[in-house]
Amino acid sequence: MENTKTDLNVLIKRRYEELEELKNKGFEPYAYSFDTNSYSEDIKNNFSEYENNTVRISGRIMAIRRMGKASFAHIMDFTGRIQIYLKKDEIGEEYAAFKLMDIGDIIGVEGFVFKTRTGEITVHANKLSLLAKSIRPLPIPKEVEDDKGEKTIYDQFADKELRYRQRYVDLIVNPDVKKVFILRSRIVTTIRNFLDERGLLEVETPILQPLYGGAAAKPFITHHNTLDVDLYLRIADELYLKRLIVGGFDGVYEISKDFRNEGMDRSHNPEFTMLELYAAYKDYNWMMNFVEEIFENICTKVFGKTEFTFEGKTIDFKRPWKRINYVDSIKDKTGVDVINSSEEELKKLLKNIRLDTSAISGKAKLIDEIFSQTVEPDLVQPTFVVDYPLILSPLAKKHRSKEEIVERFEGYVAGKELCNAFSELNDPIDQRQRFEEQVKQKSAGDEEAHPVDEDFIRAMEYGMPPMAGLGIGIDRLIMLFTSQSSIRDVIFFPQMKPEQIA
RNA sequence: GGGCGCGUAGCUCAGUGGUAGAGCAUCUGCCUUUUAAGCAGAGGGUCGGUGGUUCGAGACCACCCGCGCUCACCA
């Protein structure tokens, strides 16, 4: 570690020297602004309009080919890369300065657009400005494009740890990474626009909460000094959004971070983005159609198609999605009716499916695990799993015609849960009983069971309209649409163990 | 937490017991339409750490550190 640092310092030291030389030549290495008027992709895509016209472009130097008294370089702006051409005869002093510039430096170029002998669209520089000197070398890959336009990348910056820790470097040298995050932004904007058009109101509710609830999860705990109370980082938005429905909003949604103090793997990050939405006077049947519409809207507005490939499987979001019954689907796979089975019977069944069942106790957890093991993996095409056992769903309304069942559905795609929704419980007496059941489970050792939220019950006691509620894990949705199999590849700065920087 | 794997130059990697290597990047010189530009030369490493085996360890063994994948946990 010590030696690599020394070695890197040699490269950095050299760049400090160049920086001083540039200053001595009268080039301020850190500029205040540059009046950019063109993007590289526009110039390349509309060459006939740009040819021989003067443009002002800016960006980072990504490659340099010096040939004595003339040089080529590629600079990268937000849209892509373009070649620039510099001649000593024409820019004199600035050419001498260019010799002190490196890959990674950010420059501004004014020049006219032309095509080189070999056919590359290039900006022939008349003026060169240094905008920011880079003093740390980039792990720059080499990119070769063959006749067919196929790109081969040599020495790609691939170390996952470094890519996540120094995402800024990852974004500079791996252009596909930038594409994923641009898509992420577009998808979220599209969802927002769709919900706004449908008359839902975007709202913000507390992240710091005196009680947590709305999901089965372990919270992060923090402390407020002035109030001298412990607070929880929210695990879900649900209980506050429902209070707003009590308050008279007919439709609200929130897109924001939730926090769960649990394991991390390729589909779990401790902080993640959730969409939650609540629509008064609607039920879960309405919501199923609405979810289909949300996805259809993303498909058409952002991608112009409904078919996607994820982990080698083709997935089609065309409406309507397949709908299966939760209890029946398990019965189909195992022959067992989980509702009318005892805890002992369920445990036995689960033992036949997987080896270790010791960590799982309680009927609810057993049923959920049996479902995960038997049904879930086969739900590749978008599928709604409908009507869940009551014991799994402390906030959902009892089914209007089925015993021990609630009106709830989850949307599955590619074997993964994408959304969760129900006809929301609005009976305060029932709600209190459900909370008390949760407390029992908690004292029985279930760390994820809810505490009782008295204020939430009080709100419900004033009268809560019937409503449908929905939660969508945005990160996982982005993974599907951008074909990324790790959540870390759709979050700019995924959680990492703290780095020791000497 | 379990299993598997990885850690060698700034980057990507080769090196399975006998003088630490390659390409790119860096530096010097030449080169005024190049394309992983080219040509000639140069610098850069206590091979993640500690201990051990051995005449000799980057390599083998043990432990530690860091990371990745995977299983478990986790809507």
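Treat the numbers as computed from the prediction; the structure is a model and nothing was measured. To find a chain, count down the sequence lines: A is the first, B the second, and so on, and within it residues start at 1.
- The base of B/C11 is not paired with the side chain of A/D159 by any donor and acceptor separated by under 3.5 Å.
- A donor-acceptor distance shorter than 3.5 angstrom exists from the side chain of A/R234 to the backbone of A/K257, with no hydrogens or angles considered.
- Note on ring orientation: taking the six-membered ring where Trp is involved, the planes of A/W321 and A/F295 are perpendicular (angle over 60°, cut-offs 30° and 60°).
- Separation of the C1' atoms belonging to B/G38 and B/C47 is 33 Å when rounded to the nearest angstrom.
- A donor-acceptor contact under 3.5 Å links the side chain of A/R65 to the base of B/U34.
- For the P atoms, the distance from B/C24 to B/G41 is 14 Å, rounded to whole Å.
- Using atom P as the reference point in both B/C60 and B/G7, the two lie 10 Å apart (nearest Å).
- No hydrogens or angles were tested; on distance alone, nothing pairs the side chain of A/S71 with the base of B/U32 as donor and acceptor under 3.5 Å.
- Going from the P atom of B/U34 to that of B/G15 covers 39 Å, rounded to whole Å.
- Backbone-only engagement by A/E18 is indicated by non-hydrogen atom pairs under 4.0 Å involving sugar-phosphate atoms exclusively.
- On a pure distance criterion of 3.5 Å, no polar donor-acceptor pair joins the side chain of A/E120 and the base of B/U34.
- In this structure, A/F409 has its ring center no closer than 6.0 Å to that of A/F422.
- The base of B/U33 does not come close enough to the side chain of A/T118 for any donor and acceptor atom to sit less than 3.5 Å apart.
- Below 30°, between 30° and 60°, or above 60°: for A/Y85 and A/F114 the angle between ring planes is between 30° and 60°, a tilted geometry.
- The separation between A/M264 atom CE and B/A72 atom C1' is 16 Å, rounded to whole Å.
- For A/K13, no side-chain nitrogen or oxygen approaches OP1 or OP2 of B/U26 to under 4.0 Å.
- For B/G43 and B/G23, the P atoms lie 14 Å apart once the distance is rounded to whole Å.
- Which of B/C27, B/C67, B/U32 sits closest to the side chain of A/R14 comes down to B/C27.
- Across B/U33 and B/A42, the matching P atoms stand 29 Å from one another, rounded to whole Å.
- For the side chain to side chain donor-acceptor pair (under 3.5 Å) test with A/S423, the passing option among A/K398, A/E407, A/K397 is A/E407; the others fail.
- At a threshold of 4.0 angstrom between heavy atoms, the contacts of A/A63 with the nucleic acid are absent.
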